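As the structure is a computational prediction, the values presented were derived from the model and not from experiment. Atoms within a ligand are numbered from 1 in the order they appear, just like the ligands themselves. Atom set for the values below is all heavy atoms of this structure, side chains included, hydrogens, waters and symmetry mates excluded.
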Amino acid sequence: MKKPGEVKYPHLFSPMTIRGKVYKNRMKAAPTMFVHANYFIPEISENLYRMTERRAAGGFACVSTGEMPLNFEEARTIFQERKIDFDRYEGEDFEISKAYADRIKAKGALCYYEFSHEGSRAEESKEPWGPQDWVREDGVKVRGMDEAMMQKVCDDYYRISRFARECGFDGVLLHGGHGFQLQQFVSPWTNQRTDEYGGSMENRARFPKRIIDACRRGIGEDRIIELRFSAEDGVPKGMTIDDTVEFCKEIDGLVDIIQVSNGLKWLGHQTKTFSSFLEPHGLNIEYAAKVKAAVTKSCVSTIGGYNGPELAEQYIAEGKTDFVEFGRQCFADPDMPNKTLEGKEDSIRRCVRCFHCYPGFCEHPTDIPLFEKLGPQEALKIYSPASMGRCAINPKTGFGFYPERLPEPSESRKVLIAGGGIGGCQAAVTAAERGHQVILCEAADRLGGTINFTDRDEDKIDLRNAKDVIIRDALNSGAEIRLNTRVDAALIRAEKPDAVIIAVGAHPCVPQIPGIENAVGALDVYDKMDEIGKNVVIAGGGLVGCEVALHLAGHGHCVTVVEMLPMMANETFGYYRDALLREMDRRGITQILGAKCLGFTVNGVQIERDGKEELIPADTCCFSMGMRPNSDTVQSLKEACGQIPTFVVGDAKCAGKVADAVHGGYLAAMEIV
Ligand SMILES: Cc1cc2nc3c(=O)[nH]c(=O)nc-3n(C[C@H](O)[C@H](O)[C@H](O)COP(=O)(O)O)c2cc1C
């Protein structure tokens, strides 16, 4: 009998056979971490294996390793400390890669080995190789490739493909996109050669075709080659989808699958290699459709912002693509395919594209880089491989995070949770999963807490969905949920819990600024939209202020944000920050930096900047001056608990982001043993 998903998503669950390899459905788990990390960062190696293995167990048809740099010379990149021996099919170097193939296949998925040559952008190469001589923006000299250099690269591609075959991989994922070597030859922007490798598309495709040929000889006729390629460079004068379509016609049938991604790695958000919560889902589909219409022999796959089965089904049914790849969604919920198959789509935790797993860099011209702001030591903590791969809405993932190493509970405990915000809900889910008897009390008449504002914010639909799933998980967890119930000393005395998790949230700061009583608190804006005038000034340009500004501007208001610091949304960084700042620009939000708010009047906000006072006129004044933990409640609950162990989580501990609440709730529940 067919499972519900096979009926509801017939195209997504229609198997596909290529070169005798059966993809049981059309969902593939994209690469998400250099495979060479397994060689050089031993402390996270086992977790990387588990991460990929989980995706196979979760039902993806095919799971890829992260990329392996092609060689230790001109392709050398970050974290690469020595040459890996791709010519020996035994020994440690071999076994480390082979373990991926063994572990992925054992869980029922096909497996790819991904490799890459970043060409002129190879990060650790002293003298990187590109289509021609040139000097990069950072002063690094790029050497134009002659015949001998091209031959060496082809030999290396043959060698690594052969290695993948010997490891037992079903195929290779040749990373030719995101501005890497292959794309550098195809793009007229980066290839200015005048010989038979430059000029016409036939010429620009000549070297890529030699590379593909080397890969085919290495991997063999009975295994897959998938090429990851960008639809466009995404910069002025860069390669366009028309170039890409012409290129794909050149290589049609030489590779089995053409995967349509986009942009350049080093301008990752700007060129839409990594899309944010503000961009549409499945954003490369029209590019993929053009490629699909142009090729007759290769299959087409696409990636970019997919976080569930619906769009994937639709686009395959419309004939725009044959496969869909999932990147960050694999962190949010590696069980997505199986949940879909079983008809449990409602319980999929869907990626909110917040960049918690992969911070990236802010490319906006007004940014102050994190390395400058925090200093290298603190910044490196954020960018260390061990701290990446964490997911804001799925607390069980992370390259350096091993929940399996945390002790199991010795017996079932009675756990009382005060506060049904997102941290309290996650704590309830995890505590119940671990066999505890859980009572979750919420003072309001619904779960969700502060994050319920997302119900009215069109920019936060994904976060709203994630919140709703976490609430649903809590409701289905077996925990006893008591709404309209405030935890106090009497309740604690009556219930006699073994542990209490305090998740009582935070409240907005209301500083004593003259006239503040006439201004609207930022989070109250969502409830008072019909009272807000045309011109709005928000005093306070932290994350909340900026996001409320986006909401108001999206509803047609003229918005000005006034911030004391030299940057907006100081607590954000990386691609998230890039996305936010670009959208603020796009929606025409006026930003005043380095200005102090002196007071609110009926005519606007009085500020001081550069030693001068001025009035910024407004019909409505708002303020967003931060959040403060509900410390009094925390203190009284702790006192009421006496000897009972307490755990303070989420905003009640330190007003923060969704990830802090979800992870805090989870970790507190994991500590109860
Ligand atoms: C933590 C992380 C690591 C990644 N590592 C790789 C990698 O090793 N190789 C690669 O080609 N892409 C890598 N990517 C990019 C993804 O494969 C994918 O292209 C990107 O996340 C966009 O797809 P999405 O919108 O589905 O997330 C990585 C992405 C993330 C989030």
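- Atom 20 (C) of ligand 1 has as its closest protein heavy atom Phe274 CE2, 3.6 Å.
- Using a 4.0 Å cut-off to heavy atoms of His175, the atoms of ligand 1 that qualify are 10 (C), 11 (O).
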Residues 61-69, side-chain donor-acceptor partners within the protein, below 3.5 Å, at least two apart:
{"unit_1": "Thr65", "atom_1": "OG1", "unit_2": "Glu114", "atom_2": "N", "d": "3.0"}
{"unit_1": "Glu67", "atom_1": "OE2", "unit_2": "Ser116", "atom_2": "OG", "d": "3.0"}

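- Residue Gly66 has no N or O atom closer than 3.5 Å to an N or O atom of ligand 1.
- An N or O contact shorter than 3.5 Å is missing between Tyr358 and ligand 1 by distance.
- Gln184 meets the side chain to side chain donor-acceptor pair (under 3.5 Å) test with Ser120; sequence neighbours excluded.
- His11 contributes no side-chain N or O that, together with a main-chain N or O of Ile316, makes up a donor-acceptor pair within less than 3.5 Å.
- Lys460 forms a cation-pi arrangement with Phe277, by the criterion of a distance under 6.0 Å to the ring centre and an angle within 45° of the ring axis.
- Annotation: cation-pi geometry satisfied between Arg390 and Phe401 (NZ/CZ under 6.0 angstrom from ring centroid, within 45° of ring axis).
- For atom 8 (O) of ligand 1, the choice among Gln259, Glu67, Glu325 with the nearest heavy atom turns out to be Glu67.
- Atom 24 (P) of ligand 1 has its nearest heavy-atom neighbour, among Met388, Arg328, Arg390, in Arg328.
- Put simply, the side chain of Glu363 reaches to within 4.5 Å of the side chain of Arg582, judged on heavy atoms.
- For ligand 1, one of its N or O atoms has an N or O atom of Glu114 under 3.5 Å away.
- Every heavy atom of Val35 sits 4.0 Å or more from the atoms of ligand 1.
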